[in-house]
Number of protein chains: 2
Amino acid sequence: MTTGSRGPEKRRNSSRRNLILEHLQGVDRFLSSQEIHKQMKSRGESLGLATVYRQLEILVDEGHLDSIVSPQGEKLFRHCGVDESHHHHIICRKCGMTRQIEISEVEEMAELAAKRYKFTEVTHNLEIFGLCEKCS
Amino acid sequence: MTTGSRGPEKRRNSSRRNLILEHLQGVDRFLSSQEIHKQMKSRGESLGLATVYRQLEILVDEGHLDSIVSPQGEKLFRHCGVDESHHHHIICRKCGMTRQIEISEVEEMAELAAKRYKFTEVTHNLEIFGLCEKCS
DNA sequence: ATACCTGCAAAAGCTTTGCACCTAC
DNA sequence: GTAGGTGCAAAGCTTTTGCAGGTAT
């Protein structure tokens, strides 16, 4: 959303990147880099933590992953369809289950606020946290 | 926003807490704990970094400060009036200048999404980032 | 006098970087 | 063969914790 792909980087096919994306496609919640690494290790994969960080960044850049920052400041990742439009999430703060939601009004209101206060190059983030049906 | 004050904690009058709040009341932007500590030190105050962290937590809990997490995962703080209703901000990503904004529709839509997906105890956060008039 | 407040230093996390080696192209 | 990918270890950061001494009540 902010920068997008930054320049014509030559990316090779990377076995680890594929594995990470594949792993995340089987998960329906936001995971931290550390969790992803731990899960994949205990699954038997051989890969380093640094690689996880590096490839997650690329996957976000390519639009394969959504990324948010948790209220604790940890970066969290989740798979999402490529070239979907900007969207938001409602996230269970207990089990982490996530639903994608569309709130088109948010986009309009962000634009409006930007115009009123003469801000340009506006981005925004909106995440809704709560307890899902199972957890409440 | 999430927990609120957690229990009847006996808090003494703390000189450092008062100093920190006073300092922040003279600033119109979100600052990190580290920045707050640095500014106050260079101003001649004598206080430790750990104290800054501890008192900031209390000040947020008491409703004297707003707290957000930057896109980089750093916790940021800013003074706000006590018992003001929930509100949002538009923040200059260059100079940090901040305006408080009211977007009542967001509250309604969060409720709506919660109802649709059967979530309870819902909270949300929305922050808008951009470049202010001076910085763009 | 008690229990919270402080500062310092150490420790704990998360994330990034340097480097030598490996591999896709 | 070249440039990106990978793992490991080290380093950088922010934030938390332990502890001895200080201070409000």
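Side-chain atoms are counted along with the backbone in the values below, which use heavy atoms only and exclude waters and symmetry mates. Chain letters run A, B, ... following the sequence lines, proteins first, then strands; residues in each count from 1.
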Atom CD of A:E57 and atom P of C:dC14 are separated, to the nearest Å, by 18 Å

Enumerate the residues from residues 20-39 of chain A whose closest heavy atom to DNA chain D is under 4.0 Å, giving them by residue number; use none for an empty result. none

Is it true that B:R16 and B:E45 have a side-chain N and a carboxylate O under 4.0 angstrom from each other? no

For A:K41, I'd like to know if atom NZ has over 12 heavy atoms of other residues, nucleotides or ligands within 6.0 Å. yes

Output the distance between atom CG (B:L31) and atom CG (B:L56), rounded to the nearest 0.5 Å. 9.5 Å

Tell me whether B:E35 contacts the main-chain N or O of B:S32 through its side chain, where contact means a donor paired with an acceptor under 3.5 Å. yes

Could you state the atom-to-atom distance from CD of B:E74 to P of C:dT16 in whole Å? 13 Å

Protein-nucleotides 6-8 of chain D N/O pairs under 3.5 Å:
unit_1 : atom_1 : unit_2 : atom_2 : d
D:dT6  : OP1    : A:S14  : OG     : 2.7
D:dT6  : OP1    : A:R16  : N      : 3.1
D:dT6  : OP2    : A:S14  : OG     : 3.1
D:dT6  : OP2    : A:Q55  : NE2    : 2.6
D:dG7  : OP1    : A:R16  : NE     : 2.8
D:dG7  : OP1    : A:R16  : NH2    : 3.2
D:dG7  : OP1    : A:S46  : O      : 2.8
D:dG7  : OP2    : A:G48  : N      : 2.9
D:dG7  : OP2    : A:T51  : OG1    : 2.5
D:dG7  : N7     : A:R54  : NH2    : 2.9
D:dG7  : O6     : A:R54  : NH2    : 3.1

Where each residue is assigned the nucleotide of DNA chain C containing its nearest heavy atom, which of B:N13 and A:K75 is assigned the position nearer the 5′ end? B:N13

Search all heavy atoms of B:I101 against all heavy atoms of A:A113 and return the closest pair with its distance. CD1-CB, 4.1 Å

Phosphate OP1/OP2 of C:dT16 contacted by A:Y53 side-chain N/O (<4.0 Å): no

Using the ring of each side chain (for Trp, its six-membered ring), is B:H89 parallel, tilted or perpendicular to B:F30, with breaks at 30° and 60°? perpendicular

Going by an N to O cut-off under 4.0 Å, is there a salt bridge joining B:R99 and B:D28? no

Are B:L24 and B:L65 side-chain neighbours, meaning at least one heavy-atom pair lies under 4.5 Å? yes

Can you identify which nucleotide, out of D:dG4, D:dT14, C:dT16, has its nearest atom closest to the A:R12 side chain? D:dG4

